[in-house]
Asker: 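Let me give you the structure first, and then I'll get to my questions.
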Amino acid sequence: EYRGVIFDLDGVLTDTAHYHYLAWKKLAESVGASFDEAFNEQLKGVDRMGSLNLILAASGKDFSATDKLTLADEKNLHYQSLIAQLSPADLLPGAAESLQQIRAAGLKTALASVSKNAQAVIERLGIAEQFDVVVDAAKIKNSKPDPEIFLTAAAGLGLTADECFGVEDSIAGIRAIKAARMFALGIGSPAVLTEADVVIAGLHHFSLQDYLK
Ligand code: G6P
Ligand code: MG
């Protein structure tokens, strides 16, 4: 029986995945790396330096450690300018209702995002109080697809992995959930999220009854 649901943030509860995309695209262009939506799918759920390294590898050029830190900061400043005006109106359709549905059914909720901006984003969205546990980059060593963030969230809820399921929009995130041996609910396209157990287009299609075991 499920007793907890662990949510990714960017691209699941709000469309900040699009802002990460815009900021990475601008950075990729500045270093002469080709960048498209398919490549972006590989970056989703991957932490900041991990994403940067993938883009720089695609540029075919060498960058010093100092250059990398400067580029990572540039991307983050651009991203932060894009999310500066975020408000509860930026919750994706069904996001608030899904959280309410889960909590009304007596299940616990956790957030599992490798973004260092996660806490600021959930505060601006007005949903910080809706999570029993928030696990972000500060609390883990390994980025998705490592299962660490989902296992840490389950432990924080006081639950075992098989008492939880995860909700994700990224390939790396679905892999992390499956590596944690949890049921994986994908948000997006079944053609992209091939390893998810079930895929829905968005949380406006979320129905807790359908996933309960
Ligand atoms: C999430 C997003 C990624 C982003 C990462 C790091 O996993 O899906 O696109 O690169 O967080 O975010 P940060 O805000 O720390 O740069
Ligand atoms: Mg995501």
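Order of appearance sets the numbers: ligands from 1, and atoms from 1 within every ligand. Remember, it's a predicted structure, so these values are computed and weren't measured experimentally.
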Asker: Give me the residue, atom name and distance of the protein heavy atom closest to atom 2 (C) of ligand 1.
Answerer: Asp10 OD2, 3.4 Å

Asker: Determine the sole option in Ile6, Leu203, Asp8 for which the side-chain contact (heavy atoms from CB on, under 4.5 Å) test with Val167 is passed.
Answerer: Leu203

Asker: Could you tell me whether some N/O pair between Asn117 and ligand 1 is separated by less than 3.5 angstrom?
Answerer: yes

Asker: Can you report which non-hydrogen protein atom sits closest to atom 10 (O) of ligand 1, along with the distance?
Answerer: Val46 O, 3.2 Å

Asker: By atom name, which N, O or S atom of Asp8 is the nearest to the Mg ion (ligand 2)?
Answerer: OD2

Asker: For the Mg ion (ligand 2), what is the closest N, O or S atom on Asp10?
Answerer: O

Asker: Mind checking whether Gly45 has a heavy atom under 4.0 Å from ligand 1?
Answerer: yes

Asker: Going by heavy atoms, is Tyr21 under 4.0 Å from ligand 1?
Answerer: no

Asker: Tell me whether Ile177 is reachable from Tyr2 by hopping between hydrophobic residues (I, L, V, M, F, W, Y) whose side-chain heavy atoms are closer than 4.5 Å.
Answerer: no

Asker: Around atom 9 (O) of ligand 1, find the nearest protein heavy atom and jot down its residue, atom name and distance.
Answerer: His20 CG, 3.6 Å

Asker: So which of the N, O or S atoms of Asp169 lies nearest the Mg ion (ligand 2)?
Answerer: OD1

Asker: Under 3.5 Å, N or O to N or O, is Arg48 touching ligand 1 that way?
Answerer: yes

Asker: List every atom of ligand 1 that sits less than 4.0 Å from any heavy atom of Trp24, numbering the atoms from 1 in the order shown and giving each element.
Answerer: 10 (O)

Asker: Ignoring angles and geometry beyond distance, decide whether Ser115 reaches within less than 3.5 Å of ligand 1 through its nitrogen or oxygen atoms.
Answerer: yes

Asker: Between Glu123 and Gln119, is any side-chain donor less than 3.5 angstrom from a side-chain acceptor?
Answerer: yes

Asker: Does Tyr19 have any ring-ring contact (aromatic ring centres under 6.0 Å, His included) partners at least two apart in sequence or in another chain, and if so, which?
Answerer: none

Asker: Are Asn117 and Asn76 linked by a side-chain donor-acceptor pair shorter than 3.5 Å?
Answerer: yes

Asker: Tell me, yes or no, whether the heavy-atom count around Asp36 atom CG, taken from other residues, nucleotides or ligands under 6.0 Å, exceeds 12.
Answerer: yes

Asker: Does the distance from a Lys or Arg side-chain N to an Asp or Glu carboxylate O, for Lys141 and Asp47, drop under 4.0 Å?
Answerer: no

Asker: Looking only at non-hydrogen atoms, which of Lys116, Lys144, Lys75 approaches atom 15 (O) of ligand 1 most closely?
Answerer: Lys116

Asker: State whether Asp10 and Lys44 are salt-bridged, where the test is any N-O pair (Lys NZ or Arg NE/NH1/NH2 against Asp/Glu carboxylate O) under 4.0 Å.
Answerer: no

Asker: Mind checking whether Asp146 and Ile140 have side chains closer than 4.5 Å, heavy atoms only?
Answerer: no

Asker: What do we get for Ser51 next to ligand 1 when only non-hydrogen atoms under 4.0 Å count, side chain, backbone, both or neither?
Answerer: side chain

